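Structure first, then comments.
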Amino acid sequence: MDAHLPDSLPGASPARRRVLTGLSGIGGSAALAMATATSASAAPASATTSASTSATTSAPAAMVAAATTDPVLHLLRRATFGPTPALVAEVRATGTTAWLDAQLAPLTKVPDATMDAVLQRWTRLGWKTWEVRECLDGGDQWTVMNDLLESHVARALFSRRQLLETVVDFWTNHLVVPVPSSEVWDSSHLFQRDVIRAHALGKYSDMLNAAARHPSMLKVLDNADSTKKAPNENYGRELLELHTVGIGSYTEADVKMSALALTGLSVDLESGLYSYKPQRRFVGTVKVMGWSDTNLVAENGSAVATSYLNYLANHPATAKRLATKLVIRYVSDTPPATLVSKLAQVYLANGTAIAPVLRALFLSPEFAASAGQKVRTPYEDALASCRILGLTPEPVPAAGVTSDLRSFVWQLSTFGQAPMGWPAPNGYPDVAAAWNGASSTLNRWNFHLGLAGGWALKAMKRPDVTTLVPSPLPSTYAVLVDALAARLLVTLSTAQRDAICRFVDHAPGDALRAGAAAVTWRLPSIVALLLDSPNFATR
């Protein structure tokens, strides 16, 4: 969201483009690209700009100053998919540490009855693989995958277990199984349930082992077809490069041995379930980095694979890599080395458990000092917009009617960031520079206007935007804009506030009258402009 916005942005009126330029310009032309640039090749085509305009090495001072340092808002911007006034009040009452501790034990400490009730509409997510095949084979094979995507977005929007949902999203983007995909039409919902959600706050070693024995991962990375005579190196390589130790920690010889160590972990074609196939197992010494096994009995190959996976999960390089990714996700695009080192030690000291790492992260001085150093991705921005405007779960749609949640998933795909939609095994980029393009910016603006105007996601009920206007009516336009910004948890500079006043053709000090355009037909545009601002985009 560069201050030098393209003059040819389709769909943005000249007046709106001018005020958006004013909003983004206060605080520097690279206000939303606050960290080390991601290479253009790493970013999605729809979200890429040239490196010369999309990145800067640090947050502009004005942007940091504009971002609130309120510890409650800071925590909620990072540990949730967007704060709401009700959630802010809850955390102020309980305290940040108490709220964090409850969120780290969500199944026992955070009741979520409303979300549990909403989830009942997707009964097919409880189907076993054979049930999916029996009920949908020859029919709509995408049905359960669509249910998964809808429920994934619904949890992010409405669940009280917000930290869990952000962590689930993190791991979904780490152990990538693209959805929808013809390879996983009958098992991706079970991968999410039994691999990602089951272990999101548990031990990474358990998650890694579960992933290595899940049909979705074995199919997507081709290990299901790997044999001693024709070992497929895809999973063995990605296990090292992406899931654990990272590039620079292993050799090509290690990759070949990694593939051999994983032979036999396969999928039964008839049932679609995980199956260990000793007849495919390579027998003989296997050695990867500092791990080795004589591997003399094919029937014992699954145990050898477990030993190998546990070695990788507990490796210091894996600890550092996961700590770095978590810091990039929750703290800064340029992760402080001191915090990465500290979290890696916590990870290893706790047997790869994730909850202690997250607790140490959110209670660290580096986290406290990181306000203004993260920017919402398009996915996060859309979720935060819905949450701050108070959208509620839609009624169960009638048969044949496309749900708002399905439409929302489609809308997110136009942003270049559909949930589980990244096709490569490396996951969506999680730095601001990757999402600083004109197309991404325009899509966000249009979505904000549609939400505020009430014509986007109409089945999800929300308070009318007029309820955002204080009573009694603010005396001036400046007071109105400040009040709306406060309600939307947006911190504005005076110059930004004045730019919005000028957008509705008034000076900040002009008297505001009942029935004025700013509190009637132009109110949705003001609300949308506040959501368009770099200040709202700050995570």
Side-chain angles (χ1 to χ4, degrees), residues 11 81-82 84 112-128 131-160 165 168-169 172 178-182 184-190 192-193 378-421 443-444 446-465 467 524 527-528 531:
F81 280 114
T84 66
D112 206 8
T114 299
M115 189 69 242
D116 292 341
V118 171
L119 290 171
Q120 295 306 307
R121 68 184 63 183
W122 296 290
T123 57
R124 289 176 294 231
L125 293 179
W127 285 0
K128 297 179 175 62
E131 291 177 288
V132 179
R133 290 183 168 195
E134 183 174 283
C135 296
L136 299 178
D137 192 19
D140 184 1
Q141 296 185 347
W142 291 50
T143 299
V144 178
M145 292 188 290
N146 285 331
D147 287 354
L148 172 61
L149 296 174
E150 288 182 26
S151 65
H152 185 80
V153 169
R155 289 179 194 257
L157 284 172
F158 307 124
S159 177
R160 295 187 66 242
E165 294 311 315
V168 164
D169 191 66
T172 298
V179 178
S181 165
S182 59
V184 298
W185 70 278
D186 56 358
S187 63
S188 58
H189 63 299
L190 301 175
Q192 273 290 306
R193 185 191 71 184
Y379 178 68
E380 294 162 348
D381 184 276
L383 292 169
S385 301
C386 292
R387 285 174 57 79
I388 197 63
L389 291 179
L391 272 67
T392 58
E394 64 186 299
V396 178
V401 175
T402 300
S403 70
D404 267 3
L405 286 167
R406 182 77 59 83
S407 298
F408 190 36
V409 171
W410 176 86
Q411 181 83 54
L412 290 166
S413 71
T414 70
F415 296 175
Q417 200 180 11
M420 306 183 201
N443 279 324
R444 296 193 206 197
N446 287 338
F447 182 68
H448 295 157
L449 189 58
L451 281 181
W455 59 80
L457 308 181
K458 292 188 289 187
M460 292 188 199
K461 303 301 182 186
R462 80 291 306 263
D464 191 273
V465 289
T467 63
V527 171
L531 300 181

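For clarity, every value in this text was computed on a predicted model and none was experimentally measured.
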Which atom pair, heavy atoms only, marks the closest approach of [X] to [Y]?
X: Pro463; Y: Gly390; answer: CD-O, 3.6 Å
X: Met145; Y: Ser188; answer: CG-OG, 3.5 Å
X: Thr414; Y: Gln411; answer: OG1-O, 2.5 Å
X: Asp404; Y: Met460; answer: OD2-N, 3.0 Å
X: Arg387; Y: Phe81; answer: CD-O, 3.5 Å
X: Leu125; Y: Val144; answer: CD2-O, 3.9 Å

For the pair [X] (side chain) and [Y] (backbone), establish whether a donor and an acceptor sit closer than 3.5 Å, ignoring hydrogens and angles.
X: Ser413; Y: Ala418; result: no
X: Glu394; Y: Leu405; result: yes
X: Glu131; Y: Lys128; result: yes

### Option among Arg406, Arg155, Arg124 that satisfies the salt bridge (Lys or Arg N to Asp or Glu O under 4.0 Å) test with Glu150
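When salt bridge (Lys or Arg N to Asp or Glu O under 4.0 Å) is applied between Glu150 and each of Arg406, Arg155, Arg124, only Arg406 qualifies.
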
### Query
Heavy atoms, side chains only, cut-off 4.5 Å: are Ser151 and Leu119 in contact?
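They are in side-chain contact.
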
### Query
Side chains of Phe408 and Leu457: does their closest heavy-atom pair fall under 4.5 Å?
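Side-chain contact under 4.5 Å: yes.
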
### Task
Identify which one of Trp122, Trp142, Trp127 satisfies the side-chain contact (heavy atoms from CB on, under 4.5 Å) criterion when paired with Asp147.
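Between Asp147 and the candidates, side-chain contact (heavy atoms from CB on, under 4.5 Å) is satisfied uniquely by Trp122.
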
Enter the distance from [X]:[atom1] to [Y]:[atom2] here, rounded to the nearest 0.5 Å.
X: Leu531; Y: Ile388; atom1: CG; atom2: CD1; result: 8.5 Å
X: Leu148; Y: Thr143; atom1: CG; atom2: OG1; result: 12.5 Å
X: Phe158; Y: Asp112; atom1: CZ; atom2: CG; result: 12.0 Å
X: Glu134; Y: Asp186; atom1: CD; atom2: CG; result: 13.0 Å
X: Asp464; Y: Leu389; atom1: CG; atom2: CG; result: 11.0 Å
X: Trp410; Y: Thr402; atom1: CH2; atom2: OG1; result: 11.5 Å

### Task
Give the ring-plane orientation class for Tyr379 versus His152, where under 30° counts as parallel, over 60° as perpendicular and anything between as tilted.
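It falls in the parallel class, under 30°.
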
### Query
Going through the checks in order, is the side chain to side chain contact (heavy atoms under 4.5 Å, CB included) test met by Leu451 and Leu391?
CA-CA 9 Å; Leu451 281 181; Leu391 272 67; 4.0 Å; yes

